[in-house]
Amino acid sequence: MTATLLKSAEKTRAEEEAALADVPEQAEPLFKTTERRGFKMGAVISYQSALKADYTNMIKSDFNSITASNEFKAYSLLNQNESMRAENGMPVMNYSQADTIAKFAQQNGIGIRGHVLVWDAYMPVWFFKEGYRNDSAFVDSATMKKRLEYYINEVVSHFETEFPGVVYCWDVVNEAVADGINECNEYDERRIRTLRSGTPNYFYEVIGPDYVELSFKYAREATARVNPNIKLFYNDYNTFYSPKREAIGKLIESINKEEKLCDGVGMQGYVGGYGQQDGCMNPNDIKLFADAIRFYGEKGLEVHVTELALRNYDQSQAKKHEDFYEDFFRMLADSNATNNYLTSVSIWGLTDNPTLPRSDYSYKMNGPYCGIYNYNLKKKAEFYRIIKAMQ
Ligand code: GLA
C-alpha cells in the first residue's frame, strides 16, 4: 500500500471506531440474525480466496451460503482439448477449482448458490462449433441443444453426487434480458438479448430464441433426477428498474407456462453509479428494490439478492454509506414482514479494495469502499448496521 492509502486506512479506523459506538454488539453469527428475518447470509468466494485462512475464517464465522465468483461458470469448467477428444461428441469439464470451493462448503456446513449454468458473456465460441474447434463452422440447433442438455445434466449431477445437498440452488441462466431494445428483437416482450456490447449471444444464435426456456427444462430434468429440492433461479442485474423488471416477469411467465420450471429471481444488487459516485446511495433505489421484491414475490417467485454491492467510490462518504447499508437491510427485513419472499442475500462487494486502479473492472463494478469489511478483513460499521437493521 502507498503511504497515502495507509494514511487513509488509519483515518478509516478512527472513523469506524466512532461509528461503532452506537451500534449493537454481535451476539451470534450474522447468518443466525438474518435467518430470523427469513434469509440466508451469503458471500462471494474465489478459488484463490478459498485457499486463504483469514478469508475462510471470515466466511465460516458469519455466512451460511457462498457463491463462487467464476469457478462454477461454463467458461471455467469447459475443457476444450478434452472435449475435442471425447468419443461421444459431448463436452468435457474440469472441476478441480470448483471442487475446492465445494469441499470447503461441505466441510463447514455452508450451502452453495450454484452460479451459473448458462451465461452468454465470456462464453468460448468453440463450444458452439463443430468438433469444438475454433476455426470450424457452427453446429446446427439440434446438436447444440444436445450439448446444452448434456452439459447442464453433467454439471448438476457432478456437484450433487460429489457433495450431496451442498448446492441448494442454481442460477440456470444469467443476464438474458437486454437493457434496451437495441440489444434484442424489438417485438420480443421477454427482451431476450441477441447481442451484448456488440458480441452475438451464441446461445440465441445457434439454439434459437427459446434457449432460456430450454435451459430451465434441462435443469429441471437434471435436478429431478438427483435432488428435487434444488431450486432453480433466473439471475440478472438492474432487476429493479422498469422496463427490464417487466421483461423479466414476462420471461419467467414464458419459462413457467406449462409447468413451474423457475422457482425464483436472483436480483444481483449492484446499486449506485457504475464507476462513479454520481448515482450512489440514492434512497429511491431502496424503494425500487422493495417494489421489485414484491413484484416478483406476488408472481409466486422466491427472491434471492445474489451479488449485492452497495457502491461507494468516495471514502469521505463513509458515514453516508453506513446509513445507506442499514436502510437497505431494514428494507430487506421489512420485505419479509408479511410474506417471506426473500430467502437469501449474498454480498459480492464484501470487502473494501482501495488499492484497485480506477480502470479495474471490480473497481467499477463494486466501488472501492463498498465493503462491510475493510481491506484487511476487519469488520466495518456496515457489518454492525446490518445487525441493527434486523432488530
Ligand atoms: C456479473 C456476473 C457475476 C460476476 C460479475 C462481475 O454480475 O453474474 O458472476 O462475473 O458480473 O463481478
Side-chain angles (χ1 to χ4, degrees), residues 42-50 55 65-78 97-98 101-102 105 112-124 155 159 167 169-179 183 192-193 195-197 199 201 203 212 215 219 232-241 244-245 248 251 262 264-276 280 285 289 292 303-313 344-353 355-373:
V44 65
I45 193 166
S46 65
Y47 172 69
Q48 271 79 23
S49 59
Y55 196 88
S65 175
I66 52 171
T67 309
S69 46
N70 296 317
E71 293 76 358
F72 282 48
K73 292 171 180 169
Y75 70 72
S76 302
L77 296 177
L78 284 168
Q97 296 203 345
I101 294 173
I112 292 184
R113 293 199 78 265
H115 172 75
V116 51
L117 294 168
V118 178
W119 189 27
D120 61 292
Y122 309 104
M123 199 54 202
V155 174
F159 290 106
V167 175
C169 68
W170 271 102
D171 287 331
V172 178
V173 180
N174 199 24
E175 303 181 347
V177 173
D179 294 299
E183 294 200 315
I192 300 297
R193 58 165 82 250
L195 284 175
R196 172 188 293 271
S197 311
T199 304
N201 176 353
F203 289 102
V212 179
S215 301
L232 302 180
F233 279 73
Y234 173 74
N235 192 51
D236 213 329
Y237 62 90
N238 286 354
T239 51
F240 51 103
Y241 291 131
K244 189 161 176 176
R245 187 185 87 161
I248 292 170
L251 171 61
C262 176
V265 180
M267 299 178 67
Q268 288 189 359
Y270 297 92
V271 182
Y274 177 68
Q276 57 173 40
C280 288
D285 283 339
F289 218 97
V303 178
H304 285 182
V305 177
T306 57
E307 302 175 29
L308 187 67
L310 300 182
R311 291 168 170 158
N312 181 24
Y313 300 87
S344 180
V345 176
S346 302
I347 305 184
W348 217 259
L350 194 63
T351 61
D352 285 357
N353 205 343
T355 60
L356 289 177
R358 280 171 173 273
S359 57
D360 186 276
Y361 183 61
S362 292
Y363 174 98
K364 288 189 261 190
M365 277 302 274
N366 299 337
Y369 303 106
C370 59
I372 64 169
Y373 297 87

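When a ligand or atom number is given, it counts from 1 through the structure's own listing order.
- With respect to atom 11 (O) of ligand 1, the closest heavy atom belonging to the protein is Met365 CE, 3.9 Å.
- No side-chain donor from either of Tyr47 and Asn70 sits under 3.5 Å from a side-chain acceptor of the other.
- Gln276 and Tyr313 share no donor-acceptor pair across their side chains, judged by distance under 3.5 Å alone.
- The nearest protein atom to atom 9 (O) of ligand 1, hydrogens excluded, is given as His115 NE2, 2.6 Å; this is a heavy-atom distance.
- Scanning the protein for heavy atoms near atom 7 (O) of ligand 1, the closest one is Glu307 OE1, 2.6 Å.
- Close contacts between ligand 1 and Lys73 involve ligand atoms 3 (C), 4 (C), 9 (O), 10 (O) [criterion: under 4.0 Å to a heavy atom].
- The closest protein non-hydrogen atom to atom 12 (O) of ligand 1 is Trp348 NE1, 3.5 Å.
- Of the protein's non-hydrogen atoms, Tyr361 CE2, 3.6 Å is the one closest to atom 6 (C) of ligand 1.
- At a heavy-atom distance under 4.0 Å, only backbone atoms of Ser69 (N, CA, C or O) approach ligand 1.
- Contact annotation: for Asn174 versus ligand 1, heavy atoms closer than 4.0 Å belong to the side chain alone.
- Across Ile192, Val172, Val177, Val118, a single residue satisfies side chain to side chain contact (heavy atoms under 4.5 Å, CB included) together with Val212, and that is Ile192.
- Paired with Asp236 under the rule side chain to side chain contact (heavy atoms under 4.5 Å, CB included), one option of Lys244, Met267, Arg245 passes, and it is Lys244.
- Inspection of the Tyr237 and Asn174 side chains reveals no N or O donor paired with an N or O acceptor under 3.5 Å.
- Scanning for ring pair (Phe, Tyr, Trp, His ring centres under 6.0 Å) contacts around Phe240 gives Phe289, with sequence neighbours left out.
- With 3.5 Å as the limit, one finds no donor-acceptor pair spanning the side chains of Asn201 and Glu183.
- Close contacts between ligand 1 and Gln268 involve ligand atoms 7 (O), 8 (O) [criterion: under 4.0 Å to a heavy atom].
- Among Tyr237, Phe72, Tyr270, Trp119, the residue whose heavy atom sits closest to atom 5 (C) of ligand 1 is Tyr270.
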